[in-house]
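Notes follow once the structure below has been shown.
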Amino acid sequence: MDKRPIGVMDSGLGGLSVIRVLREQLPHESVIFVGDQGYFPYGTKTREQVQQLALRIGKFLVKQDVKMMIIACNTATAAALQLLQNELPIPVIGVIEPGARAATQHHYKKIGVIGTESTIKNGAYAKILAKLNPALGVISSPAQPLVSIVEHGQTGTILAQKTVDTELEVFDNQSIEALILGCTHFPFLQKEIHNKLGANVQLIDPAFETIRQARELLTSENQLSVNYLTSRVELYSTGDVKDLVAGAQKWLPNRYNKCAHIQLNEED
């Protein structure tokens with residue numbers, strides 16, 4: 001048994017979608033989350049910039065004595081997963097490979113992938129999907145504006161639906177069977193995405209497979225926590241904590257203990 005918390009990071013509020021699944025699947029685990037809203041968005045930054053930001057958060061989480069780190073950000077996973085695995089003394093997992101594996105567990109012939117500009121540009125999902133199932137048809141498209149819709153608390157609005165409709169026009173008449181939500185912000189727009197694509201298109205949230213992988217890793221190392229009463233969820237933002245509080249109240253109601261601003265130093 002290991003009571004130490006699990007560290008989670010994202011460029012903003014999207015990581016809350018992963019924490020939501022984590023709390024459902026591993027309710028005994030404590031969590032320390034850092035949303036890097038002070039440097040949002042990651043999707044338009046260079047690979048080197050994202051690596052530097054992710055490593056800084058990783059070093060901070062190690063100082064908080066976390067037992068593992070989840071990069072709950074597709075852009076950061078693509079840019080910095082290997083770096084963090086090499087540099088940090090704890091297990092680090094990302095969300096891209098689990099998301100791709102979740103998609104290939106079914107017998108789809110054609111699927112879509114949406115993500116940030118960076119995630120789609122570097123072909124993060126397409127490369128892994130091609131290895132797992134070379135026969136699978138994959139249509140990838142960036143949907144960067146959807147990230148801002150979530151970050152600004154505009155889900156469930158007319159603007160959100162209009163933006164989703166515009167960004168997903170590329171899939172009109174493509175007959176995709178499933179869509180990978182290749183950004184952790186996108187699960188908060190599932191209603192709008194279903195409205196656009198129809199209920200027959202399956203939406204794949206990589207968070208579920210990611211948390212399953214985390215459970216397997218912790219189980220193999222005998223590091224699962226078993227005391228539900230002592231579990232805590234602490235949420236930190238490098239930006240405006242009001243946005244984090246609003247997101248937590250909306251998507252993690254009564255499931256967190258603390259929301260606060262945090263200033264990370266370059267040496268963290």
Side-chain angles (χ1 to χ4, degrees), residues 4-45 50 53-54 56-61 63-66 69-76 95 116 144-161 163-164 181 183-192 205-207 210-211 228-265 268:
R4 291 180 298 162
I6 295 173
V8 182
M9 71 147 290
D10 183 36
S11 62
L13 299 179
L16 298 182
S17 69
V18 177
I19 293 177
R20 183 171 60 178
V21 176
L22 193 160
R23 292 298 290 168
E24 292 171 354
Q25 303 295 323
L26 298 172
H28 298 89
E29 299 294 339
S30 293
V31 179
I32 296 178
F33 169 74
V34 177
D36 203 8
Q37 291 171 290
Y39 293 89
F40 171 88
Y42 278 12
T44 56
K45 288 181 169 57
V50 174
L53 293 169
R56 183 175 67 165
I57 294 175
K59 290 180 178 179
F60 166 78
L61 290 173
K63 289 183 178 180
Q64 309 312 304
D65 196 27
V66 301
M69 177 179 178
I70 299 175
I71 306 176
C73 173
N74 287 263
T75 301
V95 289
T116 64
Q144 187 73 41
L146 302 188
V147 181
S148 294
I149 290 291
V150 174
E151 203 69 22
H152 296 146
Q154 296 170 321
T155 58
T157 65
I158 294 176
L159 176 62
Q161 189 63 63
T163 307
V164 167
L181 304 179
C183 173
T184 53
H185 287 75
F186 295 169
F188 296 129
L189 289 165
Q190 288 195 49
K191 179 180 178 180
E192 289 86 351
D205 180 356
T210 301
I211 299 307
Y228 176 80
L229 296 178
T230 60
S231 67
R232 289 179 54 83
V233 176
E234 297 182 4
L235 309 174
Y236 297 97
S237 172
T238 61
D240 190 344
V241 72
K242 293 180 182 178
D243 293 334
L244 177 60
V245 171
Q249 290 177 341
K250 185 173 184 178
W251 296 309
L252 292 173
N254 303 315
R255 286 187 281 179
Y256 66 95
N257 302 93
K258 180 180 181 180
C259 274
H261 173 78
I262 188 171
Q263 183 69 45
L264 297 181
N265 299 319
D268 283 331

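Start at 1 with the first residue, then count along the sequence. Predicted, not measured: the structure shown is a model, and the values here were computed from it. These numbers come from the heavy atoms of this one structure, side chains and all, not from hydrogens, waters or symmetry mates.
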Taking all non-hydrogen atoms of both residues, which atom of [X] and which atom of [Y] are closest, and how far apart?
{"X": "Gly12", "Y": "Glu151", "value": "CA-OE2, 3.4 Å"}
{"X": "Ala76", "Y": "Val50", "value": "CA-CG1, 3.7 Å"}
{"X": "Gln64", "Y": "Pro5", "value": "O-CG, 4.4 Å"}
{"X": "Glu192", "Y": "Gly156", "value": "OE2-N, 2.7 Å"}
{"X": "Thr44", "Y": "Gln144", "value": "CG2-CD, 4.2 Å"}
{"X": "Pro206", "Y": "Val95", "value": "CB-O, 3.4 Å"}

For this session: Quickly, which of Val147, Thr116, Asp10, Leu53 forms a side chain to side chain contact (heavy atoms under 4.5 Å, CB included) with Tyr42? Name it, please.
Result: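 Going through the options one by one, the only one that passes is Leu53.
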Spacing of [X] atom [atom1] and [Y] atom [atom2] [to the nearest 0.5 Å]:
{"X": "Ile57", "Y": "Ser11", "atom1": "CD1", "atom2": "OG", "answer": "9.0 Å"}
{"X": "Ile211", "Y": "Leu22", "atom1": "CD1", "atom2": "CG", "answer": "4.0 Å"}
{"X": "Leu16", "Y": "Leu244", "atom1": "CG", "atom2": "CG", "answer": "6.5 Å"}
{"X": "Cys183", "Y": "Asn74", "atom1": "SG", "atom2": "CG", "answer": "6.0 Å"}
{"X": "Gln190", "Y": "Thr155", "atom1": "CD", "atom2": "OG1", "answer": "12.0 Å"}
{"X": "Ile6", "Y": "Phe33", "atom1": "CD1", "atom2": "CZ", "answer": "14.0 Å"}

Main chain of [Y], side chain of [X]: is a donor-acceptor contact present, judged purely on distance under 3.5 Å?
{"X": "Ser17", "Y": "Thr184", "result": "yes"}
{"X": "Arg23", "Y": "Val18", "result": "no"}
{"X": "Lys45", "Y": "Pro41", "result": "yes"}
{"X": "Glu29", "Y": "Ser231", "result": "no"}

For this session: Over 60° means perpendicular and under 30° means parallel, so classify the ring planes of Phe40 and His152, tilted if in between.
Result: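 Plane angle over 60°, so perpendicular.
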Problem set entry | Worked verdict on Phe188 versus Leu13 for side chain to side chain contact (heavy atoms under 4.5 Å, CB included) | CA-CA 10 Å; Phe188 296 129; Leu13 299 179; 5.6 Å; no
Problem set entry | 4.5 Å side-chain heavy-atom contact, Met9 and Arg56 |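 SC-SC contact between Met9 and Arg56 ruled out.
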Exercise. Can you find a heavy atom in the side chain of Val21 that is under 4.5 Å from one in the side chain of Thr210?
Worked result: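 No; the side chains remain at least 4.5 Å from each other.
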For this session: Would you list the pairs meeting side chain to side chain donor-acceptor pair (under 3.5 Å) in which at least one residue belongs to residues 232-243, sequence neighbours left out?
Result: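 Sorted result for residues 232-243: Asp36-Thr238, Gln37-Ser237, Arg232-Glu234, Glu234-Tyr236, Tyr236-Lys258.
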